[in-house]
Structures are given as structure tokens and as C-alpha cells.
Enquirer: 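Supplied in C-alpha cells, the structure appears directly below.
To find a chain, count down the sequence lines: A is the first, B the second, and so on, and within it residues start at 1.
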2 protein chains.
Amino acid sequence: MQNLSHDIEKYILDLLEGVEDNFISLRRKELAEMFECVPSQINYVLRSRFTPEQGYLIESRRGEHGYIKILRITCEKTSEKISHINEIIGDEITFKEARKLLAALQSRRMITGRERLLIEVALKHITDSGHDEDTEETAYLLRNMLGGLMGA
Amino acid sequence: MQNLSHDIEKYILDLLEGVEDNFISLRRKELAEMFECVPSQINYVLRSRFTPEQGYLIESRRGEHGYIKILRITCEKTSEKISHINEIIGDEITFKEARKLLAALQSRRMITGRERLLIEVALKHITDSGHDEDTEETAYLLRNMLGGLMGA
DNA sequence: TGCGGTTGATTATCACTGACCTATAAAATA
DNA sequence: TATTTTATAGGTCAGTGATAATCAACCGCA
């Protein structure tokens, strides 16, 4: 027995394992009742463990028939790929180096041309907004974006 | 079984699927009778699910021979897509609004789940890095990213 | 002793309803 | 024919109940 948040995370992960479409719908209230906790605890778990950076998207509706939908973007376990990429990126990376990496990833079919474009636009935004190139922030964002894609 | 609004939405969507011209005409009263609800329920569904932001335009006429016409916007040319999206985004957009737009774009098959995730991570990066939410910068980056995609 | 975890009061949003409002066309009337 | 009346359609808005989100305060362990 770890803790409540961990158990809820595990439960959601198990649910996601068992479906085809890479998404599940659930009721916040019901889940809270199941774990005998306040509903806001569910939000905490989602906020801390099912972020876009971790490869998940959350959709929800309030009111009658409200729900929370959790989408997993990638399913394959590729922790090796991730750590490999993170190793390459490191704590700092220039825009130029980043572009090289992205080109390599595309040629290996790990990302599409469109995805590469999106990442480059985002990285360029950072580079353009600061006076000097912020290689740390670039590395941070790149890790987050690629990590989300590969499924941390 | 979801809920009434969802069923009505589904029905309208099905109707739209089955026509050539990307629009349908219907009677509010008849539809309300079909679903055994008050007529204003139809307005609610249209207002909440068939907005321009979601790619639809509504025309209507009151009085005898009244009708409601639902038009699905399809942007053939890339320049149309881009200007349409730019119009929706405008000069400022909140992270929340952006997420809604991205969900709508994905449901219209204009972006993939992975692409949506990448954009959300990038937008989240902006939101997180400032003290206050910078709706102008969010709009700027979002226009750049989506504009790039539509052109690709 | 700082940070993740936990809690519950408050706030925001969604689905739905119904009373009242506005617009239109056809029929009635002058 | 021109005007008024009537029937019939859709529009608006605020209220209610059911959810979910947020936020700030507290807890507890390494």
C-alpha cells in the first residue's frame, strides 16, 4: 500500500490497459466514492500524473451526466527511446542542434513531418522571444514535447 | 445512453453526414417533438455544439414556414483554413479556449491526437512560465503552429 | 521542514425548462 | 388593393439542480 494518489493512478492505468481506443470515461464522483475520498482528490491525481507532458489529455464536462475523459496518446512502452532522446538533448541544446535531432527522428519515422514542424515552430518561438538563445529552456520544452509523444 | 443534448447532436450530425451540400434544414418544433423536449432545448444544443468555432453556421427564420438551417463549414483551400482559424483565435485566446478549439479540430480530423498534444504542451509551457496568463502570446504561438500545419 | 498528499468550502459550468418575446405569412377585413 | 388580424413559427433569458474545477489550508513523512 503506497498512498491514495498512487492507487488511483494505478486504477486509471489499469483501465486504460484494457481498452482498444486509448481513452476511458469515468465519473469523478463515482471514482471518489470508490476510493472513499473527496472528489477533488481525483483532480489532484490527474493534474500530477496525467499531464500532456506525460502523454495524456483530459476532457471533461460538468453538470448532469458529467464525466472525465482520459486520452492516452501513445501506448507503446518506449522508455528506452525516451531516455536515449533525453540523453541526446541534455540540459541544454541550441535551436540548430534541435533541428538536426528532429530531422533524424523524422527519418527514423519516429515523428511525422507535421509533428516536426510543430516542434520547430514552438522552439523558434522561444528563441525569438528572448534576447539571447535560451538553450536551457529549449532543452526543457523539447524534452517535454518529445516525451509526450513517446509516452513517458 | 448519454443525454438528451448528445442524442440531438448525434441526430443532426447523422443528417449532415447523409447530404451532399453540407447543410440541412429542419423544424425546431418537429425536432423537439421527436425528442420529446421543449423547443428551446434545440437552441441550447445548437448554441453549445454547432458554433462557428466548431465549424458550423446557423441560419433560421421565424413565423410560418419557419426553419433552422445548419451549415457545416468546409475549407477547401489552405488559405481559407488558415484565415478561418485565425479568425477564431483572434488576437488573444486563453489556454482553456485554445484547448476547446484543439479538441474541435481533432474531431474534425484536421489535426491528430499527437499534434494536439504537442500544441498543448507548447501552450502550457507559455502559461506556466509567466505569472499571469499571456493570452496574446498564446494566440500568437497557436496561430503560428496551426498556420504551419494547415499549410503543410 | 519542504513538498507531495489530502481535505472541504467555494466557484464555475452544463443540461434542461418554461415564461415571455419577436418575426413571418396567410387570412380576414376595410 | 391596402391594412389589420391571426396563427404559427423560432429566439431569449433567467432559474434550478447536478456535476466538476479551483483554491487555500492542513497533514505527514523523508
Side-chain angles (χ1 to χ4, degrees), chain A residues 1-13 23-54 56-71, chain B residues 1-13 23-54 56-71 94-101 103-104 107 120 124 127-128 131-133:
Chain A
M1 176 76 179
Q2 306 266 352
N3 59 37
L4 186 52
S5 294
H6 181 269
D7 291 345
I8 296 172
E9 177 191 14
K10 205 81 195 286
Y11 177 76
I12 293 173
L13 251 21
F23 77 88
I24 55 167
S25 285
L26 42 83
R27 304 288 184 113
R28 189 177 78 147
K29 198 178 170 190
E30 287 179 9
L31 200 58
E33 277 165 8
M34 184 183 303
F35 284 93
E36 293 177 319
C37 65
V38 293
S40 59
Q41 179 71 23
I42 308 303
N43 294 86
Y44 173 71
V45 174
L46 295 178
R47 206 173 51 237
S48 58
R49 294 157 157 85
F50 293 89
T51 64
E53 289 89 339
Q54 287 162 310
Y56 299 91
L57 291 176
I58 308 295
E59 281 172 40
S60 64
R61 268 188 195 284
R62 304 185 197 189
E64 211 159 20
H65 305 108
Y67 62 87
I68 295 178
K69 182 173 164 184
I70 303 169
L71 287 95
Chain B
M1 181 67 181
Q2 306 268 350
N3 59 38
L4 185 53
S5 294
H6 181 269
D7 291 345
I8 296 172
E9 177 191 13
K10 207 79 192 289
Y11 177 77
I12 293 173
L13 249 22
F23 78 88
I24 55 167
S25 286
L26 43 82
R27 302 291 186 105
R28 187 177 78 148
K29 198 180 171 189
E30 285 179 10
L31 200 57
E33 277 166 6
M34 184 183 303
F35 285 94
E36 292 177 320
C37 65
V38 293
S40 59
Q41 177 71 26
I42 307 303
N43 294 84
Y44 173 71
V45 173
L46 296 178
R47 206 173 50 237
S48 59
R49 293 158 156 83
F50 293 88
T51 64
E53 180 178 297
Q54 286 158 308
Y56 299 91
L57 291 177
I58 306 295
E59 269 173 50
S60 65
R61 187 165 192 174
R62 304 186 197 187
E64 223 155 6
H65 309 303
Y67 62 88
I68 294 179
K69 182 172 163 184
I70 303 168
L71 188 79
T94 64
F95 183 60
K96 246 184 190 173
E97 290 166 342
R99 289 194 54 184
K100 275 189 194 171
L101 173 60
S107 76
E120 287 203 14
K124 193 162 177 288
T127 304
D128 288 350
H131 293 307
D132 296 326
E133 187 173 7

Enquirer: Calculate the interatomic distance between B/Ile8 atom CD1 and C/dC14 atom P; express it in whole Å.
Expert: 17 Å
Enquirer: Is any side-chain heavy atom of A/Gln41 less than 4.5 Å from a side-chain heavy atom of A/Ile8?
Expert: yes
Enquirer: Do any N or O atoms from the side chain of B/Glu133 and from the backbone of B/Thr94 form a donor-acceptor pair under 3.5 angstrom?
Expert: no
Enquirer: Mind calculating the distance between NZ (B/Lys29) and C1' (C/dT24) to the nearest angstrom?
Expert: 15 Å
Enquirer: Heavy atoms, side chains only, cut-off 4.5 Å: are B/Glu59 and B/Leu57 in contact?
Expert: no
Enquirer: Rounded to whole angstrom units, what separation is found between the CD atom of B/Glu59 and the P atom of C/dT24?
Expert: 13 Å
Enquirer: Nearest 0.5 Å please: distance from the CG atom of B/Leu4 over to the CD atom of A/Glu64.
Expert: 10.5 Å
Enquirer: What's A/Gly66 touching, base or sugar-phosphate or nothing? Going by heavy atoms closer than 4.0 Å.
Expert: sugar-phosphate
Enquirer: I'd like a list of close polar pairs between nucleotides 8-10 of chain C and the protein, N/O only, cut-off under 3.5 Å.
Expert:
unit_1	atom_1	unit_2	atom_2	d
C/dG8	N7	A/Ser40	OG	3.3
C/dG8	O6	A/Ser40	OG	2.7

Enquirer: Of all nucleotides in DNA chain D that come within under 4.0 Å of a heavy atom of chain B, which is furthest toward the 5' end and which toward the 3' end?
Expert: D/dT8 to D/dT12
Enquirer: Given atom CG of A/Asn3 and atom P of C/dT7, what is their separation to the nearest angstrom?
Expert: 11 Å
Enquirer: Expressed as a whole number of angstroms, how long is the span from B/Glu36:CD to C/dT17:P?
Expert: 11 Å
Enquirer: Mind checking what makes ring pair (Phe, Tyr, Trp, His ring centres under 6.0 Å) contact with A/Phe50, not counting sequence neighbours?
Expert: A/Tyr56
Enquirer: Rounding to an integer number of Å, can you tell me how far B/Asp7 CG sits from C/dC16 C1'?
Expert: 14 Å
Enquirer: Holding to side chain to side chain donor-acceptor pair (under 3.5 Å), I want the full list of residues that pass it with A/Ser48, two or more places apart in sequence or in another chain.
Expert: none
Enquirer: If each of A/Glu64 and A/Ile68 is mapped to the nucleotide of DNA chain D with the nearest heavy atom, which maps nearer the 5' terminus, i.e. the 5' end?
Expert: A/Glu64
Enquirer: Ignoring backbone atoms, establish whether A/Arg62 has a side-chain N or O less than 4.0 Å from OP1 or OP2 of C/dC16.
Expert: no
Enquirer: End-to-end bend of the helix from C/dT1-D/dA30 to C/dA30-D/dT1 (five-pair axes, 10° rounding)?
Expert: 20°
Enquirer: To the nearest 0.5 Å, what is the distance between CD1 on A/Ile68 and CG on A/Leu46?
Expert: 5.5 Å
Enquirer: For a quick test of reading the model: is some side-chain N or O of B/Tyr44 closer than 4.0 Å to OP1 or OP2 of C/dA15?
Expert: yes
Enquirer: Just to be sure I understand the rule, does B/Arg47 reach a base, reach only the sugar-phosphate, or reach nothing, if contact means heavy atoms closer than 4.0 Å?
Expert: nothing
Enquirer: Toward the 5' end of DNA chain C, which comes first, B/Lys96 or B/Arg61, by nearest nucleotide?
Expert: B/Lys96
Enquirer: Rounding to a whole Å, what distance do you find between A/Ile42:CD1 and C/dT6:P?
Expert: 11 Å
Enquirer: For B/Thr51 and B/Gln54, indicate whether the former's side chain and the latter's backbone hold a donor-acceptor pair under 3.5 Å.
Expert: yes
Enquirer: Measure from CD on A/Glu33 to C1' on C/dT7 and round the result to the nearest Å.
Expert: 16 Å
Enquirer: Any side-chain N or O of B/His65 less than 4.0 Å from the OP1 or OP2 oxygen of C/dA26?
Expert: yes
Enquirer: Can you confirm whether B/His6 sits close enough to A/His65 that some side-chain heavy atom of one is under 4.5 Å from a side-chain heavy atom of the other?
Expert: no
Enquirer: Are B/Ser5 and C/dC14 close enough that a side-chain N or O sits under 4.0 Å from OP1 or OP2?
Expert: no
Enquirer: For A/Tyr11, what residues pass the ring pair (Phe, Tyr, Trp, His ring centres under 6.0 Å) criterion, not counting sequence neighbours?
Expert: A/Phe35
Enquirer: Can any side-chain N or O of B/Arg99 pair as donor or acceptor with the backbone N or O of A/Ile58 at less than 3.5 Å?
Expert: yes
Enquirer: In the structure I gave you, are the side-chain heavy atoms of B/Glu9 and B/Leu13 within less than 4.5 Å of one another anywhere?
Expert: yes
